[in-house]
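See below for the structure under consideration.
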Amino acid sequence: MKRVVAALVALEYAAQATAASRPRGVGPEFAKFYEGSNTFTCISNPKVNIPFSRVNDDYCDCPDGSDEPGTAACAHLSPLSPHTPADSAASSSVNTTAALPGFYCKNKGHIPSYVPFTNVNDGICDYELCCDGSEEWEGIVKCKDRCDEIGKEWRKHDEARQKAAGNALRKRNELVKEAARLRQQVKDRIQTLGTEIQGSELKVKDLEKELSETQRKEAGKVVSSSGGSKGGKLGQLVEIGRRRTDELRTQLTSVRGDLLASRSRLEKLEEVLSKFHEEYNPNFNDEGVKRAVKAWEDYIASYGVGSTPNSANERDLEEILKEDKENGLDWDNYSEEEEDETAVLYSFTNYLPPTLRDWVDSKLRDLRQTLIDNGILASSPSGSANESKKVTDARNRLDTAKKDLEDHRNNLKDSTEDLGKDFGPDDVFRALKGVCVETDSGEYTYELCFLEKTNQKPKKGGGHTNMGTFTRIEKIVVDEELPSNGKGLGSGERYAMKHENGQHCWNGPNRSTTVILACSEENEIWKIFEEEKCVYRMEVGTPAVCERRKSNGGDSKGKDEL
Ligand code: MAN
């Protein structure tokens, strides 16, 4: 339908003006030029006056063709754009351009329209522009009025178009709301990060202090011990104590095993003798047997049969044989808490009043540092194998806190930059970030992930080719015919997303893509071209760029247009 729609809409209003006295082919907005009765003044050439009878006499008298609004006599003149207002045409002194936009078709039941003068009486019914067939008035062909049917069909489509426009605008509103929510989220994050950074800075300070305190405290511990023995004398003593206890426990376990075995052998022996005592024949006068019986009876009298172990001792033994830890003796704990010998020096300060204690404490620390500085006490270099676990732990805690602080600062920088980025009108593209759409074309599937990248994916499989990473939003002017389904760029200013620095093209540049956006109900790729080697252009529809526009006339009842 070319660019006629705007003109059609304009004409809709003008059509209501009276049409009765207008010569054939004159539109209502030009009626005023044809109001005289005797003479006609050419619209763009007011010096040229002709008798009114020469209007529409099929002879081109006026240089601007205005005397032939209903014939093709002046069709050779350059046509006037349907958008050009009659008044500006009237004031123009250039007269090679026609003063009129074409032959006016009333199109009752549909929308009035202008058809080019070249089409008047050319033997073809131009229903697309002139559904009432009035441009073929000479009768070369008979064009019956089809405005009812065409108008009905047009209104049906127009209704669908309006509905789609309404939906698209609603979707855009949702995107704008979502974008605002995401923006607020970034602002909140910035605030939280500010607090987190303050906390992390304090933590780092504390941990720096803790590390240097620990280093000072631990510095005197590792006394120039070339023997390599870990810890000081107390540590060595603890180690000896642990080993000795282990040995004793092992021995005791073994002795207890022997005892239990002997006890069981004794029980068996007593059983044998007891049986012997019951079963021997006293009538045999065997002296040896008699002695044995007597000895057994004495044994029973002295000890009784069966052993009765001291249960308290048994229990003690059980306890003693338990692992040290179960007995509350945690050697590891002792070695962790191990104090250096010089720490003994400090213990007496516990008996001093607090103010004096702090003073003495600081002097002692200074003294120890002096001893270290003079090589009398050894200091353990940071991170060395000699460094004590306490220092290493303190250092690790500080490193972790520093890393957290750095992460927070980087996040704050990213978030602050994000707030300053261009996300299009109303920040709307923020809501599309990371949303991907794709379409097949030739041997590839092309993908666009909004504000991220474009990709070329071979349908047969294989690696994806990056066609560029999103860099910025620009505005460009396009002038294209809008397809009948509305899925195209049309003409005017459009948002374009630039994607650069994609995969390098053999014998060419790094791949890049310009994504040009136009209003649509859905996010979709309409077209993809490779304009030159590895330079791509995508035409993409999205509700994000739809706008509420007023139709010509500018009244408050203006239509929403896609
Ligand atoms: C691939 C595709 C094409 C491109 C050539 C360049 O085949 O990325 O779009 O033109 O490489 O060699």
Side-chain angles (χ1 to χ4, degrees), residues 2-3 164 168 171-172 175 178-179 182 414 417-418 421-425 427-547 562:
K2 304 195 176 169
R3 275 171 244 141
K171 285 189 182 174
R172 182 180 192 272
L175 288 173
E178 174 62 4
L182 291 169
D414 291 349
E417 274 172 15
D418 183 89
K421 273 185 199 155
D422 177 15
F423 283 99
D427 220 25
V428 66
F429 298 136
R430 188 181 285 277
L432 286 184
K433 191 172 187 324
V435 172
C436 300
V437 280
E438 53 178 41
T439 193
D440 285 352
S441 177
E443 51 188 306
Y444 301 103
T445 297
Y446 289 86
E447 180 186 54
L448 160 70
C449 291
F450 284 101
L451 291 118
E452 286 180 355
K453 62 187 173 189
T454 50
N455 267 328
Q456 192 183 46
K457 309 195 268 191
K459 284 191 203 157
K460 289 184 197 142
H464 299 180
T465 303
N466 182 309
M467 296 157 61
T469 303
F470 171 74
T471 51
R472 64 188 180 281
I473 296 166
E474 286 181 356
K475 270 188 162 184
I476 61 170
V477 174
V478 292
D479 186 11
E480 290 188 12
E481 206 153 290
L482 195 64
S484 57
N485 62 7
K487 297 186 172 196
L489 301 182
S491 47
E493 209 174 45
R494 300 283 177 262
Y495 285 98
M497 292 177 166
K498 292 284 189 181
H499 300 74
E500 288 165 350
N501 268 321
Q503 199 164 313
H504 189 73
C505 183
W506 186 76
N507 250 346
N510 283 353
R511 285 173 174 78
S512 63
T513 315
T514 300
V515 173
I516 309 169
L517 304 171
C519 173
S520 157
E521 212 179 332
E522 305 292 338
N523 293 320
E524 53 194 354
I525 302 174
W526 289 325
K527 277 186 192 160
I528 166 84
F529 317 93
E530 189 164 350
E531 290 184 309
E532 46 186 283
K533 202 172 173 190
C534 297
V535 177
Y536 306 86
R537 167 183 156 123
M538 270 186 195
E539 294 182 1
V540 170
T542 171
V545 292
C546 297
E547 19 181 50
L562 271 180

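Start at 1 and go down the list; that is how both ligands and their atoms are numbered. These numbers were taken from a predicted model, which means no experiment stands behind them. Because only heavy atoms are used, hydrogens play no part in the values below, and waters and symmetry mates are left out as well, while side chains stay in.
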Name each N or O atom in ligand 1 that is under 3.5 Å from a protein N or O, and give the partner atom and the distance.
from: ligand 1; atom 1: 7 (O); to: Tyr444; atom 2: OH; distance (Å): 3.0
from: ligand 1; atom 1: 8 (O); to: Gln456; atom 2: OE1; distance (Å): 2.6
from: ligand 1; atom 1: 8 (O); to: Arg511; atom 2: NE; distance (Å): 3.3
from: ligand 1; atom 1: 8 (O); to: Arg511; atom 2: NH2; distance (Å): 2.9
from: ligand 1; atom 1: 8 (O); to: Tyr536; atom 2: OH; distance (Å): 3.3
from: ligand 1; atom 1: 9 (O); to: Gln456; atom 2: NE2; distance (Å): 3.1
from: ligand 1; atom 1: 9 (O); to: Glu530; atom 2: OE1; distance (Å): 2.7
from: ligand 1; atom 1: 9 (O); to: Glu530; atom 2: OE2; distance (Å): 3.4
from: ligand 1; atom 1: 9 (O); to: Tyr536; atom 2: OH; distance (Å): 2.7
from: ligand 1; atom 1: 10 (O); to: Glu530; atom 2: OE1; distance (Å): 3.4
from: ligand 1; atom 1: 10 (O); to: Glu530; atom 2: OE2; distance (Å): 2.6
from: ligand 1; atom 1: 11 (O); to: Arg511; atom 2: NH2; distance (Å): 3.0

salt_bridge(Lys459, Glu443) N-O dist < 4.0 Å: no

Residues Lys457 and Glu438 bridged, charged N to O under 4.0 Å: yes

Does a donor on one side chain sit under 3.5 Å from an acceptor on the other, for His464 and Asn455? no

Ignoring hydrogens and angles, tell me if any N or O in the side chain of Arg430 forms a donor-acceptor pair with the backbone of Phe423 under 3.5 Å. no

Basic-acidic side-chain contact under 4.0 Å: Glu480, Arg537: yes

Please enumerate all residues that pass side chain to side chain contact (heavy atoms under 4.5 Å, CB included) together with Thr439, with sequence neighbours excluded. Ile525, Ile528

